There are 2 protein chains.
Amino acid sequence: MNDTLQVTSGSAGVFNKIRDSIVNGRYSYNERLPSERDLATRYKAARGTIRSALEQLEQASMVRRKFGSGTFVTYKNDFDHEDIAEETSPLELIEARLAIEPYIVKLVVLNANNRDLNRLEQALEQANNTDHDPEAFSQADEAFHLMLATCSQNPLLIWIYQRINDIRSHNQWSARKANILTPLKIRAYNEQHRQLLEAIRHRDQIEASDIISSHLKQARQDITGVG
Amino acid sequence: MNDTLQVTSGSAGVFNKIRDSIVNGRYSYNERLPSERDLATRYKAARGTIRSALEQLEQASMVRRKFGSGTFVTYKNDFDHEDIAEETSPLELIEARLAIEPYIVKLVVLNANNRDLNRLEQALEQANNTDHDPEAFSQADEAFHLMLATCSQNPLLIWIYQRINDIRSHNQWSARKANILTPLKIRAYNEQHRQLLEAIRHRDQIEASDIISSHLKQARQDITGVG
DNA sequence: TTTTTATGGTTCAAATTTGGTCTGAACAAA
DNA sequence: TTTGTTCAGACCAAATTTGAACCATAAAAA
């Protein structure tokens, strides 16, 4: 017939079936797929065939495979695409964060207790193990900054930051992550996070606020390609 | 035993199930989850697996765990802004505005064109004729500050400020407006607005940012009754 | 107040699960 | 033939799960 006809056999067939299951929501974001051996019996194929299909899915950035752990869906279905997410450019997003986060950090310095600091430390370490995985770092980075907002103890600011994060994950910038987030960049960002947490630990409002400001300005430069 | 629909297993599966229970309202905001040992029997998993899932939920800022007390839902459904409006105190609202408005003003100084300045002038004059009407001034004041956000030209910041204004008009502070907004206070606020607009006209970023900061700090004082 | 109870926090080792790798045979298409 | 794919099985290495015990805290009960 024509080239739109789907292949239904072999690894290409398995690839198509799993891909459809993902885009149709049968397997949703962050969900773990059945094990390769399990998939093999389901699709009545050899494990090697399944692995070949999973490699293609990974190549297509739809899943991420973790040694000894499983295969996880990284594809996001845009159900709740709010208009505002469409209208906001990566640069405008950074500007908004530049507006709100330095003040959030000041509040964190004032309000954070030891438990909050431990949670920030955890979030930071999550991000520290992602040198070579832009997608993983991006997720951990979102979680770290949201945790900062959470530690401000201000429900309105937390709510606002949740909205920012929603937009962040639907933003056009997502497409360029892989280009911008080199291992070197990721390490630099992680180092800035570390410095920020130290400043918070020392209850140094001005230092902490300055660090988050330059952190975001750095990100702005990296996005615009200036510098 | 896996012929039928297979849900994700392990801690990832428990995480998904509990997360869904939370977003679907099965466990609602501030509610305490069953104990870890209880969840372990419910989900037929070891306590360690449950703890792993709860750690993921905590990292996602959906629950908060209290030593010796329990695990509590911190996730809020963002569908109705009424909730966040009810949970936000007048002080927290001012704090959020203090976070965002100074930066908005800086952007206005950078981006505002003559047409924007005229719009601000109009909004300001609207507020100038309301010396003896707290309700009218309050509305005009909201409009003026929203116009500032609009002049920042950043759609995300505009959207955020619209949400802030929504909350502002639903906030508990409304009840105390009549007490706080004396004619004297209204004139003082209007004067500060005037100075702000002048600073914007002179493209003085620092001056404009300082004025809006002290303007809001003044409002914070008036609310808390300090000073 | 003191005591008790329930809860989350921690540690440990064994068992299990999972993705990663390799081999060789069977099969189909060029 | 040659080439590429699929299949089936085995083993490796990493991560998770399990089950149990014990600790520290907070709230309830006495």
Side-chain angles (χ1 to χ4, degrees), chain A residues 6-18 27 30-74 113-122 125-126 128-133 135-136 140, chain B residues 1-2 6-18 27 30-59 61-74:
Chain A
Q6 277 196 2
V7 180
T8 54
S9 64
S11 66
V14 175
F15 168 80
N16 279 328
K17 285 175 187 167
I18 298 181
Y27 301 120
N30 252 346
E31 191 171 340
R32 199 186 65 185
L33 295 185
S35 69
E36 296 179 348
R37 293 165 177 86
D38 196 345
L39 288 170
T41 65
R42 275 165 202 258
Y43 291 101
K44 295 179 174 42
R47 193 176 155 218
T49 308
I50 300 295
R51 283 185 57 76
S52 171
L54 290 179
E55 276 158 23
Q56 295 171 60
L57 283 166
E58 189 172 33
Q59 204 66 34
S61 295
M62 300 194 72
V63 303
R64 197 152 63 87
R65 302 153 92 196
K66 280 190 190 172
F67 200 178
S69 179
T71 302
F72 298 84
V73 177
T74 57
N113 53 35
N114 272 332
R115 193 189 173 81
D116 292 329
L117 295 180
N118 288 336
R119 278 201 287 258
L120 283 170
E121 177 72 40
Q122 274 193 349
E125 280 169 8
Q126 282 271 330
N128 261 332
N129 301 321
T130 60
D131 285 21
H132 294 279
D133 191 338
E135 182 61 37
Chain B
M1 65 170 70
N2 289 334
Q6 153 96 9
V7 290
T8 310
S9 61
S11 66
V14 176
F15 169 82
N16 278 328
K17 285 175 189 164
I18 299 181
Y27 301 119
N30 260 344
E31 188 175 341
R32 206 197 77 179
L33 295 184
S35 70
E36 296 179 347
R37 294 166 176 86
D38 194 346
L39 288 170
T41 64
R42 280 174 202 238
Y43 290 102
K44 295 179 172 49
R47 194 178 155 216
T49 308
I50 300 295
R51 285 185 56 75
S52 171
L54 290 179
E55 276 157 24
Q56 295 172 58
L57 284 166
E58 187 174 32
Q59 281 302 308
S61 294
M62 298 193 72
V63 303
R64 180 191 184 94
R65 302 154 91 195
K66 282 189 183 175
F67 206 173
S69 179
T71 302
F72 299 85
V73 177
T74 57

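No experiment lies behind these values; they were computed from the predicted model shown. We use all heavy atoms of the structure for the numbers below, so side chains are in, but hydrogens, waters and symmetry mates are not. Every chain is numbered from 1, with letters handed out A, B, ... down the list of sequences.
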field: Strand-adjacent residues in residues 50-60 of chain A, judged by heavy atoms under 4.0 Å from DNA chain D
entry: none

field: CD-CD1 distance between Glu55(A) and Ile50(A), expressed to the nearest 0.5 angstrom
entry: 11.5 Å

- request: Rounded to the nearest 0.5 Å, what's the gap from OG1 on Thr71(A) to CE on Met62(A)? Could you check?
  value: 13.5 Å

- line: One would report the end-axis bend of the helix from dT1(C)-dA30(D) to dA30(C)-dT1(D), five pairs per end and rounded to 10 degrees, as 40°

statement: Separation of dA6(C) atom P from Asp38(B) atom CG, nearest Å, is 12 Å

- request: Measure from CG on Leu39(A) to C1' on dG19(C) and round the result to the nearest Å.
  value: 12 Å

message: Applying side chain to side chain donor-acceptor pair (under 3.5 Å), can you list everything that pairs with Ser11(B), at least two apart in sequence or on another chain?
response: Ser52(B), Gln56(B)

- line: In this structure, CD of Gln126(A) is separated from CD of Glu121(A) (nearest 0.5 Å) by 11.5 Å

query: If you round to the nearest 0.5 Å, how far is CZ of Arg37(A) from CG of Leu39(A)?
result: 11.5 Å

query: Near DNA chain C, which residues from residues 30-37 of chain B have a heavy atom under 4.0 Å away?
result: Arg32(B), Ser35(B), Glu36(B), Arg37(B)

message: Between Phe15(B) and Leu54(B), is the side-chain contact (heavy atoms from CB on, under 4.5 Å) condition met? List the steps.
response: CA-CA 7 Å; Phe15(B) 169 82; Leu54(B) 290 179; over 6 Å; no

- request: Evaluate the side-chain proximity of Tyr43(B) to Ile18(B): yes if any heavy-atom separation is below 4.5 Å, no if none is.
  value: yes

message: Measure CZ/Arg64(A) against P/dG19(C) and give the value in whole Å, please.
response: 14 Å

field: Counterpart residues, side chain to side chain donor-acceptor pair (under 3.5 Å), relative to Gln59(B) (two or more places apart)
entry: Gln122(A)

field: Contacts of Arg32(B) that satisfy side chain to side chain contact (heavy atoms under 4.5 Å, CB included) - sequence neighbours left out
entry: Phe72(B)

task: Sequence neighbours left out, what passes salt bridge (charged side-chain N to carboxylate O under 4.0 Å, His left out) with Glu135(A)? Give chain and number order.
output: Lys177(A)

message: Just to verify, what does Arg119(A) make a side chain to side chain donor-acceptor pair (under 3.5 Å) with, not counting sequence neighbours?
response: Asp116(A), Glu58(B)

Under 3.5 Å, which protein N or O atoms sit close to an N or O of nucleotides 22-24 of chain C? Give each pair with its distance.
none

- request: Looking only at non-hydrogen atoms, find the nearest pair between Ala46(B) and Ala40(B) and report the distance.
  value: C-CB, 4.2 Å

task: Would you indicate what Gly10(B) reaches in the nucleic acid, counting non-hydrogen atoms under 4.0 angstrom: base, sugar-phosphate, or nothing?
output: sugar-phosphate

task: Please identify each residue that fulfils side chain to side chain donor-acceptor pair (under 3.5 Å) with Asn30(A), with sequence neighbours left out.
output: none

Opening and closing nucleotides of DNA chain D in contact with chain B, under 4.0 Å to non-hydrogen atoms: dT17(D) to dA26(D)

- request: Name all residues meeting the salt bridge (charged side-chain N to carboxylate O under 4.0 Å, His left out) criterion together with Arg42(B); count only those two or more places apart in sequence or in a different chain, and write none if there are none.
  value: Asp38(B)

- request: Quick one: pull up CZ in Arg64(A) and OG1 in Thr74(A) and give me the separation to the nearest 0.5 Å.
  value: 7.5 Å

